There are 2 protein chains.
Amino acid sequence: MARSEASPVEHPGEACPLSAFVNIVAGKWAIPILYRLIVTDGPIRFRELQRAAHPITQKELTKQLRLLEARGLAIRTVYAEVPPRVEYEATPVARELIGALEGLADWVRTHRDSLAPGPARLT
Amino acid sequence: MARSEASPVEHPGEACPLSAFVNIVAGKWAIPILYRLIVTDGPIRFRELQRAAHPITQKELTKQLRLLEARGLAIRTVYAEVPPRVEYEATPVARELIGALEGLADWVRTHRDSLAPGPARLT
DNA sequence: CTGAATCCCCGGAGATACTG
DNA sequence: CAGTATCTCCGGGGATTCAG
């Protein structure tokens, strides 16, 4: 398609699927956590996740996991043991993201050097 | 970031590439804008982008575009005309994201219904 | 049309302490 | 170990206005 102005449809709402995506996995940690859940074969414990998504705080990790659970992307399993054990696992729907997320990861690895570290923000 | 980095060990292999990714394209609008730049074949004007990335404000769009430019993901071209015309275009590096981003978009389209709309945040 | 400059609020997210 | 409970800061980002 030459010109992308082909779409005559007015999109008052959120037409762009990627707008929806950033709403679903908003925040600094959602994607890294989700990725870790997905690439992990089987359940993973809270502590392990925290080490993986370094240096996330407990509070943040808990919040993000609950959000992922609420969206049907993660499963939370509590074992009535002592010391406590809670395991998380990606749902089948979440696992379908594996290809795209690895695509992003590959892109970063490939261009890590050439990517201008640039300012995190603009003043 | 971590002000008091007490971690004694450097993490070999650096952090998760996806942590780097969310740092690069942080914010509510970076990914949708980038996607629009990429799927657009050729330059696209400021106004068009604003219409595409739905209810984004001028300020936000300008800021995000400057950030993308600073990171080597977008090219900005100013034409000394009146009325002013400024065109943006994705760089080759940015275009390499096309596959992964469309993967994300497809995932959203596929599961749009089954995805629990859920609360945007947790209280 | 493109964009800079201001004002301002809310919520993301870190630090820290406490609990079962 | 796996969480809550607070406190707090600060910056994202919306609304609005001015400028070239």
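Computed from a predicted model, the values in this text were never measured in an experiment. In what follows, every heavy atom counts, from backbone to side chain, and hydrogens, waters and symmetry copies are set aside.
Under 4.0 Å is where a charged nitrogen must lie from a carboxylate oxygen, and between A:Arg95 and A:Glu89 at least one such pair does. Between A:Glu60 and A:Lys63 there is a salt bridge, with a side-chain nitrogen of the basic residue lying less than 4.0 Å from a carboxylate oxygen of the acidic one.
Across all strands, A:Lys59 comes closer than 4.0 Å to base atoms (heavy-atom distances). In this structure, A:Tyr88 reaches the sugar-phosphate backbone alone: every heavy-atom distance under 4.0 Å involves primed, P, OP1 or OP2 atoms, never a base.
What separates NZ of A:Lys63 from P of D:dT4 is a distance of 13 Å, to the nearest Å. The distance between atom CG of A:Leu61 and atom C1' of D:dT4, rounded to the nearest whole Å, is 14 Å. Taking atom CD of A:Gln50 as the reference point, atom C1' of D:dT4 lies 14 Å away to the nearest angstrom. In this structure, A:Gln64 atom CD and D:dA2 atom P are separated by 18 Å, rounded to whole Å. Rounded to a whole Å, the CD atom of A:Glu48 is 11 Å from the P atom of D:dC1. Atom CG of A:Leu67 and atom C1' of D:dG3 are 16 Å apart (whole Å). Going from atom CZ of B:Arg66 over to atom C1' of C:dA5 covers 14 Å, rounded to whole Å.
In terms of phosphate contacts, B:Arg47 brings a side-chain nitrogen or oxygen within less than 4.0 Å of OP1 or OP2 of C:dC1. In this model, the phosphate group of D:dA2 is not approached by any side-chain N or O of A:Arg76 to a distance below 4.0 Å at OP1 or OP2.
Among the nucleotides D:dA15, C:dG14, D:dA2, the one closest to the side chain of A:Phe46 is D:dA2.
Place A:Pro84 and A:Ala26 on DNA chain C by their nearest nucleotides, and A:Ala26 ends up nearer the 5' end. Projected onto DNA chain C by closest heavy-atom contact, A:Gln58 and B:Thr62 fall at different nucleotides, the more 5' of which corresponds to B:Thr62.
Taking each heavy atom of A:Gln58 and A:Phe46 in turn, the nearest pair found is O-CZ, 3.9 Å. The shortest non-hydrogen separation linking B:Ile33 to B:Gln64 is CD1-CB, 3.6 Å.
Distance alone, capped at 3.5 Å, is enough to place a donor-acceptor pair between the A:Arg71 side chain and the A:Ile24 backbone.
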